[in-house]
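Notes follow once the structure below has been shown.
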Amino acid sequence: QVQLVESGGGLVQAGGSLRLSCAASGSIFSINVMGWYRQAPGKQRELVATITTGGSTNYADSVKGRFTISRDNAKNTVYLQLNSLKPEDTAVYYCRLQFPLGDYWGQGTQVTVSS
């Protein structure tokens with residue numbers, strides 16, 4: 001089985017920064033996509049950013065230029081650097097790992113941005 005463990009969420013003032021981490025363990029296919037999604041209260045879960053094993057990235061328009069996704073393939077860990085945070089970034093952030101025949105989610109970590 002595969003487990004994803006997230007860390008790094010918290011409370012921050014608008015304009016501040018946070019760094020999220022997600023470590024994957026278990027039987028992981030070497031070629032995969034890792035990503036971050038978020039869900040605010042009363043809203044659907046939405047894509048924030050994804051990154052392939054080869055380093056190709058994709059970002060939601062709302063976070064481009066403010067958030068940066070990266071990964072350490074040797075550690076099966078993905079990171080999300082959140083800069084210039086806004087109150088509308090407040091949500092539970094979920095890590096996701098996808099590969100052929102596998103789609104796994106973390107338990108989520110709360111990010112709260114105060115104005």
Side-chain angles (χ1 to χ4, degrees):
Q1 263 297 357
V2 174
Q3 286 191 323
L4 301 176
V5 179
E6 299 137 332
S7 60
L11 173 64
V12 64
Q13 288 188 332
S17 298
L18 285 172
R19 189 188 194 214
L20 307 183
S21 299
C22 172
S25 61
S27 300
I28 301 168
F29 192 67
S30 59
I31 299 175
N32 57 67
V33 179
M34 298 189 80
W36 291 94
Y37 293 71
R38 67 187 181 186
Q39 187 167 18
K43 295 189 177 182
Q44 289 189 329
R45 191 173 297 187
E46 62 178 5
L47 178 145
V48 176
T50 61
I51 184 167
T52 67
T53 311
S56 296
T57 58
N58 180 48
Y59 292 92
D61 288 343
S62 59
V63 306
K64 283 181 181 177
R66 300 189 298 121
F67 293 4
T68 302
I69 190 169
S70 61
R71 64 185 290 166
D72 184 332
N73 290 332
K75 296 181 179 179
N76 289 319
T77 299
V78 63
Y79 307 95
L80 186 68
Q81 179 67 41
L82 298 76
N83 295 331
S84 302
L85 281 160
K86 305 175 181 180
E88 51 263 44
D89 294 317
T90 295
V92 177
Y93 284 69
Y94 296 91
C95 175
R96 184 182 189 184
L97 169 63
Q98 297 172 275
F99 53 83
L101 302 180
D103 190 351
Y104 301 92
W105 292 86
Q107 80 285 357
T109 185
Q110 177 70 46
V111 172
T112 303
V113 185
S114 63
S115 57

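Just so you know, these numbers use all the heavy atoms, side chains as well, and skip hydrogens, waters and symmetry mates.
Side chain of Q81 to backbone of T68: no donor-acceptor contact under 3.5 angstrom is found. Between the side chain of T57 and the backbone N or O of I51, no donor-acceptor pair lies under 3.5 Å.
Side-chain heavy atoms closer than 4.5 Å link hydrophobic residues (I, L, V, M, F, W, Y) into clusters, and following such links, even through other members, never connects L47 to L20. Follow the hydrophobic side-chain contacts under 4.5 Å out from V12 and you reach F67 in the same cluster.
R96 is listed as a side-chain neighbour of D103, based on a closest heavy-atom distance under 4.5 Å. Within the 4.5 Å cutoff, the side chain of R38 has heavy atoms near those of the S62 side chain. Using a 4.5 Å heavy-atom cutoff, the side chains of R66 and Y59 are not in contact. Counting heavy atoms from C-beta on, the side chains of L82 and D89 never come closer than 4.5 Å.
Rounded to the nearest 0.5 angstrom, L80 CG and M34 CE are separated by 12.0 Å. Atom CD1 of I28 sits about 10.0 Å away from atom OG1 of T53, to the nearest 0.5 Å.
Considering every non-hydrogen atom in both E6 and G106, the closest pair reads OE2-CA, 3.4 Å. When all heavy atoms of F29 and P100 are compared, the pair lying nearest together is CD2-CD, 3.7 Å. Residue A91 comes nearest to A40 through the heavy atom pair CB-N, 3.8 Å, listed as atom of the first residue, atom of the second, then distance.
Screening residues 84-115 for ring-ring contact (aromatic ring centres under 6.0 Å, His included) gives Y37-W105, F99-Y104 as the qualifying pairs, with residues at least two apart or on separate chains.
Surrounding CD of Q3 are at most 12 heavy atoms belonging to other residues, nucleotides or ligands under 6.0 Å away.
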